[in-house]
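Written out below as structure tokens is the structure these notes cover.
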Amino acid sequence: MRILVIEDDRKTSDYIAKGLNEAGHQCEVVADGRDGLFQATQGSYDILVVDRMLPHLDGLSIVKAARAARVRTPVLLLTAIGGVGDRVEGLEAGADDYLIKPFVFSELLARINSLARRPPVQEQRTVLRVADLEMDLVRRLVTRAGQNIDLQPREFTLLEALMRAEGRVLTRTMLLESVWDYHFDPKTSVVETHISRLRAKIDRPFDVPLLHTVRSTGYSLHAPR
Amino acid sequence: MPRAKLLRSTPIRFALTYGLLFVFTSLAVWLVSFELLRRELREELDVAVRETYSVIEATYASDDIEDLVGTMDSFVRLNADGSRVFALLDRSGKILSGNLKHAPPREGFETVSALQLGLAGDEQFRILSGDVGGNRLVVGESFKEMEDLAQIVLVSFGWSSALAALLAFATGAYLARSAQDRLDVVAASMAAVSRGQLDVRIPLKGSGDDVDEIAGHINQALERLSTLVESMRQVSTDIAHDLKTPLNRLKLLVDEAATRSLNDEAMRSLLEEALAECDQINTTFDALLRIAQIEAGARKRHFLPVALDQLVYGIAETYADVADDNGQSLRTERIDAVEIQGDKDLLTQMLVNLIENAITHCPPGTAISVGLERSGECWSLFVADDGPGIPENERENIFRRLYRLDKSRTTPGNGLGLSLVRAIADLHGATVNVNDNLPGTRITLSFAP
């Protein structure tokens with residue numbers, strides 16, 4: 001993928017670029033807001049990673065201007081400020097996701113992958129399938145190998161998120177945001193608790209595990225590779 | 001404006017007080033002047049009676065009784081309305097001339113009724129009688145004319161007073177109303193400021209009056225306040241940026257080191273610990289920043305309707321499992337339907353903080369309960385446990401920033417969870433109370449309009 005990173009801190013952008021290159025992406029870095037907007041509207045990129053605080057033109061204005069210029073490239077906004085109002089502002093400006101500093105590279109990569117594979121138009125699928133695991137979204141039924149699996153409402157939403165992201169890593173923060181709508185870091189192990197309960201229902205009674213823990217990053221649901 | 005509020009309004013009270021004072025003062029002035037007028041008129045009457053008496057008496061200068069009787073007769077003839085009375089009696093008391101039936105017994109000035117003079121009606125007369133050459137001359141005049149005049153004065157004074165009072169009340173009400181309107185503008189502006197709208201200014205009338213002067217001072221104070229808040233916000237943003245950037249580098253570095261030390265398990269676990277410390281620093285920092293942000297009140301602009309009961313159900317469902325894994329139980333008690341204007345993200349964090357507090361500070365076996373009750377416009381939300389409880393002298397301290405009870409130093413947390421709870425509750429106009437749950441702790445958030 002071609003990724004444009006607009007970030008004024010040299011060291012941060014170096015790490016990001018290095019990591020993205022190692023992950024097999026082509027990465028360009030711009031440190032100034034105005035240059036960033038120019039690049040974003042002229043070049044063809046698959047993803048834009050934009051820092052919120054930039055010299056000359058801030059990240060929000062870049063996203064607004066780019067959207068006004070009909071640039072539809074997915075945007076991941078990076079920010080030092082973690083207030084809820086700031087997140088809403090970012091999304092309203094036209095950003096697709098929002099990552100609060102400090103972050104680890106795996107979190108950034110997981111979000112970039114998630115944005116890149118986000119279907120352009122929302123598919124109207126009624127059944128999700130991963131290996132022998134099936135989810136009927138209309139009747140809200142889950143079966144594995146033909147056996148009914150009884151899930152709590154929250155476990156159902158969690159499994160749905162994991163199945164939609166099949167094969168991709170969803171970090172703990174991403175799950176908290178999408179499944180629980182929690183935009184803060186809880187003290188207790190909310191995600192771990194629900195993952196282990198879900199695992200007990202969809203994996204433990206069967207031979208092949210589908211729900212995998214990706215060390216110090218998050219979780220991924222996929223058939224054995 | 002409702003009547004109770006109307007009566008509490010200072011300008012209206014002033015207007016009412018001055019209106020009443022005016023009415024009482026004019027009543028007193030009126031009574032005094034009416035009494036003075038009566039006295040004056042009475043003296044005038046005496047003078048008039050004496051003059052008539054003297055004129056009649058003078059005609060007797062030639063000692064001719066016939067002249068006297070003739071003068072008397074012509075006076076009686078000229079007096080068609082009967083407001084004046086005359087009589088001339090001889091030595092034996094026989095009436096020689098006049099329009100009286102009886103004469104008063106004594107000489108000199110006297111006030112007598114029509115009846116005593118043998119006349120019809122209930123008028124009073126002022127009578128002067130005296131001796132003229134051995135005969136008795138009686139001259140009198142009715143009080144009626146004087147009373148009529150007094151009556152006219154009374155009525156006209158009454159009308160003008162009533163009109164003046166009406167005018168006084170109307171002017172008072174108008175002035176009070178316009179003063180009240182200006183005070184209302186000040187009050188509304190200050191209410192907006194307390195909701196976090198620091199850019200509100202009180203409009204000035206430009207007349208330079210006292211209200212304008214006070215409003216000007218308030219505006220200056222607001223200007224200063226918003227400059228301070230703005231610079232504080234700027235400082236926090238700068239600190240956030242300047243601290244977060246190196247923190248971000250640090251985290252990226254440590255994370256990379258951890259990823260590269262795949263084969264060295266001991267090193268890796270050390271680095272993961274370092275990473276956790278980075279997160280701890282960041283969490284504390286974020287929480288402080290967020291409390292400051294909430295206390296500045298700016299978030300009220302983002303308020304939307306929030307179904308509090310749905311929020312409670314969702315969080316309770318999630319945390320029932322977390323509590324269960326901890327060997328505790330969490331259940332919901334009575335949950336009434338409550339919709340409020342608020343910030344959903346903050347309210348979620350508030351309730352999560354309260355429940356996580358109970359979970360992390362209570363031993364296994366603890367029963368935690370959550371409830372939401374509503375009566376009319378008031379609602380109260382509680383999180384209770386039957387755990388070890390909080391000593392009474394510590395209950396206010398737990399809301400202090402970075403404060404931690406000695407026994408909870410070993411549990412995870414930064415001592416900001418409850419400060420944040422209080423800040424969020426304040427933002428929504430709710431109060432937080434800590435009570436003994438006998439045994440355990442009960443934290444209640446109550447809201448009353």
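Bear in mind that the values here come from a model prediction, so they are computed numbers and not experimental data. Proteins get letters first, then strands, A, B, ... in listed order; numbering begins at 1 in each. Heavy-atom basis, side chains included; hydrogens, waters and symmetry copies ignored.
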Using non-hydrogen atoms only, which part of [X] is less than 4.5 Å away from chain A: side chain, backbone, both, or neither?
X        : value
B:Asn282 : side chain
B:Leu275 : side chain
B:Val352 : side chain
B:Asn357 : both

Open item on the list: Going by the rule salt bridge (Lys or Arg N to Asp or Glu O under 4.0 Å), which residues pair with A:Arg204 if we only count those two or more places apart in sequence or in a different chain?
Closed with: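 Salt bridge (Lys or Arg N to Asp or Glu O under 4.0 Å) list for A:Arg204, sorted by chain: empty.
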Relative to chain B, which segment of [X] carries a heavy atom at a distance below 4.5 Å: side chain, backbone, both, or neither?
X        : value
A:Phe105 : both
A:Asp181 : both
A:Glu7   : neither

Is the shortest distance from a Lys or Arg side-chain nitrogen in [X] or [Y] to a carboxylate oxygen in the other one below 4.0 Å?
X        : Y        : value
B:Asp286 : A:Lys101 : no
A:Arg154 : B:Asp321 : no
A:Asp96  : A:Arg111 : no
A:Glu160 : A:Arg140 : no
A:Arg139 : A:Asp136 : yes

Task: Non-hydrogen side-chain atoms of A:Glu28 and A:Val5 separated by less than 4.5 Å - done: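 A side-chain contact under 4.5 Å is absent here.
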Task: Close contacts, residues 53-68 of chain A versus chain B, judged by heavy atoms under 4.5 Å - done: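 Hits under 4.5 Å: A:Met53.
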- [ ] Name all pairs fulfilling the side-chain hydrogen bond (donor to acceptor under 3.5 Å, both in side chains) condition that reach into residues 246-260 of chain B, sequence neighbours left out, sorted by first residue then second.
- [x]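 Matches after skipping sequence neighbours: A:Asp9-B:Arg249, A:Lys18-B:Glu256, B:Lys251-B:Asp279, B:Glu256-B:Arg260.
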- [ ] Could you have a look at B:Ile359, B:Leu252, B:Thr245, B:Leu243 and say which one has the most heavy-atom pairs with chain A under 4.5 angstrom?
- [x]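 Greatest number of close heavy-atom pairs with chain A: B:Leu252.
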TODO: Heavy atoms only, distances under 4.5 angstrom: which of B:Leu250, B:Leu253, B:Asn353 has the most pairs with chain A? Name it, please.
DONE: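 With the most close heavy-atom pairs to chain A, the winner is B:Leu253.
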Who among [options] has the most heavy-atom pairs with chain B under 4.5 Å?
options                               : answer
A:Thr193, A:Val190, A:Thr12           : A:Thr193
A:Gln152, A:Arg197, A:Arg215          : A:Arg197
A:Pro153, A:Ser196, A:Ser189, A:Gly19 : A:Pro153

Task: Partner set under ring pair (Phe, Tyr, Trp, His ring centres under 6.0 Å) for A:Phe184, not counting sequence neighbours - done: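 Only A:Tyr182 meet the ring pair (Phe, Tyr, Trp, His ring centres under 6.0 Å) criterion with A:Phe184.
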Open item on the list: Other residues, nucleotides and ligands only: do more than 12 of their heavy atoms fall within 6.0 Å of CG on B:Asp199?
Closed with: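 Yes.
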TODO: Please work out which of the three classes, parallel, tilted or perpendicular, describes the rings of B:Phe303 and B:His428, given edges at 30° and 60°.
DONE: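 It falls in the parallel class, under 30°.
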Open item on the list: Quick check with a 6.0 Å cut-off and a 45 degree axis cone: is A:Arg87 positioned over the face of A:Tyr98's six-membered ring?
Closed with: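 No - A:Arg87 does not lie over the ring of A:Tyr98 by the 6.0 Å and 45° rule.
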